[in-house]
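Predicted model, so just to flag it, every value in this text is computed and none were measured. We name chains A, B, ... by the order of the sequence lines, and we start the count at 1 in each one.
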There are 2 protein chains.
Amino acid sequence: MAATVKDVAKHAGVSTATVSRVINDDPRISEGTREKVLKSIEELDYKINSIARSLKTNKTYTIGFICPELANNFFMSVAKGVEDEIRKQGYSVIVCNSNESIEEEKERFRLLTEKCVDGMIVIPASNEGSHFNLFKESRIPVVLVDRLVEGFQADAVLVDNINGCYSAVEYLINKGHRRIGFIGGDMRLTSARERYEGYTRALADYCIPIEDCIIKFGDFHAQSGYEMMKQLMHGENPPEYVFISNYFMHIGATKYLMEKNSQLNHKVSIASFDDMELTSILGFCDVIVDQPISEIGYKAAELLMERMNGTDSIFPQIVRFKTNLKIK
Amino acid sequence: MAATVKDVAKHAGVSTATVSRVINDDPRISEGTREKVLKSIEELDYKINSIARSLKTNKTYTIGFICPELANNFFMSVAKGVEDEIRKQGYSVIVCNSNESIEEEKERFRLLTEKCVDGMIVIPASNEGSHFNLFKESRIPVVLVDRLVEGFQADAVLVDNINGCYSAVEYLINKGHRRIGFIGGDMRLTSARERYEGYTRALADYCIPIEDCIIKFGDFHAQSGYEMMKQLMHGENPPEYVFISNYFMHIGATKYLMEKNSQLNHKVSIASFDDMELTSILGFCDVIVDQPISEIGYKAAELLMERMNGTDSIFPQIVRFKTNLKIK
DNA sequence: AAGATTTATGCACTCGATTACATTTATATA
DNA sequence: TATATAAATGTAATCGAGTGCATAAATCTT
């Protein structure tokens, strides 16, 4: 049905090689034939078949993006940054959902390999990454985002979680607070670990004892934020401030506090990660560690482009963005 | 580098045709050769090259998803539903951002055509759709989601916006409210128009006069929700209830009310569309029109699959999901 | 004007897999 | 046992575009 180079060639009275050269802006084509061919392309409404082209050139101009969840603002903001950057170079993005499962992550990886993507950007489901060997073997460039994977060396774009969290806790300490609780994420994720590290380090530096009873660990989801805040508030001596390790748990925690606010005879405030659209209306929070989410996506795309263009150093590049402390 | 059918064929001592048949589960292959081939595939770590396959079969097992924005929970929840459903059949999804621009929408469409996607799911940027002729010509199956396009007949998955909005307004009327304001979306979108229609229809059916001064139109973004609520509250006689046409404007409006709450000598409540994770903590809202977002994605995928498999009727199918009124 | 260069174009193979058709081998039938 | 039939495999063309090499045409040299 659709016109091919052959049709165009016949129509223009030239060979397919010439048509191909016109399409690819080969300079050694005379102005006359170029126009003739372009006219035929126009008239036949010829559109290139990138499948055929890819087969020959071994380039698909497609990258894969694997993340643990699609309906997640953080991940999708990264994806947006990636898409934005990468399409400028004519690439497009196949988006895959690993569902926070290592198995599915592996499975998506296989799929993308079969589809011959030129590169991948992965937000790992876990730091457990034995299956990441597959990446190495495949020789497909990979850039990790937000989290690292044990035993797998690759380019990565992260934020300085430790100092981000540290600065928030330090700020609270300087404001005179001593009893600062913590709600952490899944400790199998580097980001969760680093944030916890920032918390403990700040306390240690200011000689404040670490009280396990005001430290809880959730899983970065709203429901667990709700639960953990509940547990904290039901403790013997609840903290006056709670640092919450991500946006979604922050939402859950706020939900709990809103529901139970009148019944609680204890005032609590929140410091948290991520300044999303909604953060400003989450009423208990006045200290925010903001990370440059779009930039993360841009940078990941940029690193990947470098690898795909072969201008790579042997050494993996780890880019860490600084966070920004916002006080309401 | 990577092994091809040829390599496998040589290694197993058979022809490439036989290898291909094994890969594609052709039943008329003897158990013996099948095992031999599978063993070679294993040993050579052969992976199929779907580019080559697609060229021959004219199927890419890839669909396109074009939406006006990536970092948008509603769109991405639809995308999630789509991905979920479609990957069961071995498809994957190229996600494109039209940036709410008709031009970019067109441009993405061209890209996806070149990439030979088997179908597309589109959340249109506008009801203006002269460029949708391209779809017709291309003969690539398309399913529209959430919004229709003028003059373009295609399968679509929508919700019953009119009755959804109607039921909420009716509920408020039955509770004794008479002065119900309205914040609408961009009227170039069918969804915005239908919701407004539901509002006016309910008022008319209950013989309540429509007061233009308590009706504002934004653009479905948070910022405009903020602005419009501000305008309403600064009006001479602000309404007691406001129906807000979508989640993001709801957020913006709430933000305004939270900031100015103490200074307003007028109490206002909100009814709104969409029950997202955060809706429950948006403090002014107690009436919600909930739409089955994931289902929308599933259904769109399903319709598209039907078209792609050619089991299509000539007539476009329009599926409209009922909404569900939730009272807090 | 004949040969050397440069420029423009075409021929034909290739990428990796699928498949119609041909051929071989095994099995059933008379 | 010869023949018909079914099952298993191979041969070779094909999908649509790109490209090394060959060739033709145009331009330059001397």
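Note on Ile29(B): only backbone sugar-phosphate atoms sit closer than 4.0 angstrom, heavy atoms only; bases stay farther off. Backbone-only contact: Val14(B) has heavy atoms under 4.0 Å from sugar-phosphate atoms and none from a base. Residue Ser54(A) is out of contact with every strand shown, counting any heavy-atom pair closer than 4.0 Å.
For Asn133(B), the CG atom counts as densely surrounded, since its 6.0 Å shell holds more than 12 non-hydrogen atoms of other residues, nucleotides or ligands.
Here dA8(C) presents its C1' atom at 16 Å from CD of Glu35(A), a figure rounded to the nearest Å. Atom CD in Glu114(A) sits roughly 13 Å away from atom C1' in dG16(C) (whole-Å rounding). Separating the OH atom of Tyr61(A) from the C1' atom of dA17(D) is a distance of 14 Å, rounded to the nearest angstrom. One can place NZ of Lys10(B) at 17 Å from C1' of dG10(D), the figure rounded to the nearest angstrom. Straight-line distance from the CG atom of Asp26(A) to the C1' atom of dA17(D): 14 Å, rounded to whole Å. In this structure, the CD1 atom of Ile23(B) is 10 Å from the C1' atom of dT18(C), given to the nearest Å.
Between the axis at the start and the axis at the end of the helix from dA1(C)-dT30(D) to dA30(C)-dT1(D) there is an angle of 50°, using five pairs per end and rounding to 10 degrees.
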Would you tabulate the pairs of protein nitrogen or oxygen atoms and nucleotide nitrogen or oxygen atoms of nucleotides 19-26 of chain C closer than 3.5 angstrom?
| unit_1 | atom_1 | unit_2 | atom_2 | d |
| --- | --- | --- | --- | --- |
| dA20(C) | N6 | Arg21(B) | NH2 | 3.3 |

Restricting both atoms to N or O, compile the protein contacts to nucleotides 23-27 of chain D shorter than 3.5 Å, with distance only.
none

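With sequence neighbours excluded, the residues satisfying ring pair (Phe, Tyr, Trp, His ring centres under 6.0 Å) with Phe109(A) are Phe135(A). Listed by chain and number, the residues in a salt bridge (charged side-chain N to carboxylate O under 4.0 Å, His left out) with Lys36(B) amount to none (sequence neighbours excluded). Taking Lys39(A) as the reference, Glu43(A) meet the salt bridge (charged side-chain N to carboxylate O under 4.0 Å, His left out) condition, with sequence neighbours excluded. Judged as a side-chain contact (heavy atoms from CB on, under 4.5 Å), and not counting sequence neighbours, the contacts of Leu55(A) are Ile51(B), Ala52(B), Leu55(B). Qualifying ring pair (Phe, Tyr, Trp, His ring centres under 6.0 Å) partners for Phe75(A), counting only residues two or more places apart in sequence or in other chains: none. In terms of the salt bridge (charged side-chain N to carboxylate O under 4.0 Å, His left out) criterion, residue partners of Arg188(B) (sequence neighbours excluded) are, by chain and number, Asp186(B).
A side-chain donor-acceptor contact under 3.5 Å links Lys115(A) and Ser92(B).
Note on residues 25-63 of chain B: pairs passing ring pair (Phe, Tyr, Trp, His ring centres under 6.0 Å), not counting sequence neighbours, are Tyr61(B)-Tyr91(B).
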Side-chain donor-acceptor pairs under 3.5 Å in residues 148-159 of chain B, sequence neighbours left out?
| unit_1 | atom_1 | unit_2 | atom_2 | d |
| --- | --- | --- | --- | --- |
| Glu150(B) | OE2 | Asn127(B) | ND2 | 3.3 |
| Asp155(B) | OD1 | Arg307(B) | NE | 3.4 |
| Asp155(B) | OD1 | Arg307(B) | NH2 | 2.7 |
| Asp155(B) | OD1 | Gln317(B) | N | 2.8 |
| Asp155(B) | OD2 | Arg307(B) | NE | 2.6 |
| Asp155(B) | OD2 | Arg307(B) | NH2 | 3.4 |

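Of the residues in residues 40-53 of chain A, not one comes within less than 4.0 Å of DNA chain C through any heavy atom.
Under the 4.0 Å criterion applied to side-chain N and carboxylate O atoms, Lys299(B) and Glu295(B) are not assigned as salt-bridge partners. Note on Glu83(A) versus Lys80(A): no salt bridge recorded, every NZ/NE/NH1/NH2 to OD/OE distance being 4.0 Å or above. A salt bridge links Arg108(A) with Glu104(A): the closest approach of a Lys/Arg side-chain nitrogen to an acidic carboxylate oxygen falls below 4.0 angstrom.
Each of Lys36(B) and Leu55(B) has a nearest nucleotide on DNA chain D; the 5'-most of these lies closest to Lys36(B).
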Exercise for review: Begin with the C-alpha distance, continue with both residues' side-chain angles, and end with the deciding distance and a verdict on side-chain hydrogen bond (donor to acceptor under 3.5 Å, both in side chains) for His221(A) and Glu100(A).
Suggested key: CA-CA 12 Å; His221(A) 292 292; Glu100(A) 306 194 345; 3.0 Å; yes

